[in-house]
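Because only heavy atoms are used, hydrogens play no part in the values below, and waters and symmetry mates are left out as well, while side chains stay in.
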Amino acid sequence: MGMYEKKEVMPFMMEFLYFPEDKTEYIPAVLSLILFVALAAIAMYFFVKVSKKQEKQADEQVRKIKEQQNKEQSNVPGE
């Protein structure tokens, strides 16, 4: 009786696994996977591009602030 119960429980627990006999059913899944990977790569490219642009802007602002501080220090009388 114990062996019979295990045979009944296993198929119930494994229902989420589905391996089709007809392998053409994998085609839509593979196509959607390729599409989403390509879109993720494109998004990553634009994120890197925008990040580099923002980095250049930040470096320019830091350079301007340092130049302004150097000017203010050189203009202080009495030193």
Residues passing the side-chain contact (heavy atoms from CB on, under 4.5 Å) test with Phe47, sequence neighbours excluded, are Ala43

Who passes side-chain contact (heavy atoms from CB on, under 4.5 Å) against Asp22, sequence neighbours left out?
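With sequence neighbours excluded, Asp22 shows a side-chain contact (heavy atoms from CB on, under 4.5 Å) to Thr24, Glu25, given in chain and number order.
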
With rounding to the nearest 0.5 Å, note down the distance linking CG in Asn75 to CG in Asn70.
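It is 11.0 Å, given to the nearest 0.5 Å.
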
Sequence neighbours excluded, every pair satisfying side chain to side chain donor-acceptor pair (under 3.5 Å) that has a member inside residues 41-61
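Checked against side chain to side chain donor-acceptor pair (under 3.5 Å) - neighbours excluded - the pairs reaching residues 41-61 are Glu60-Arg63.
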
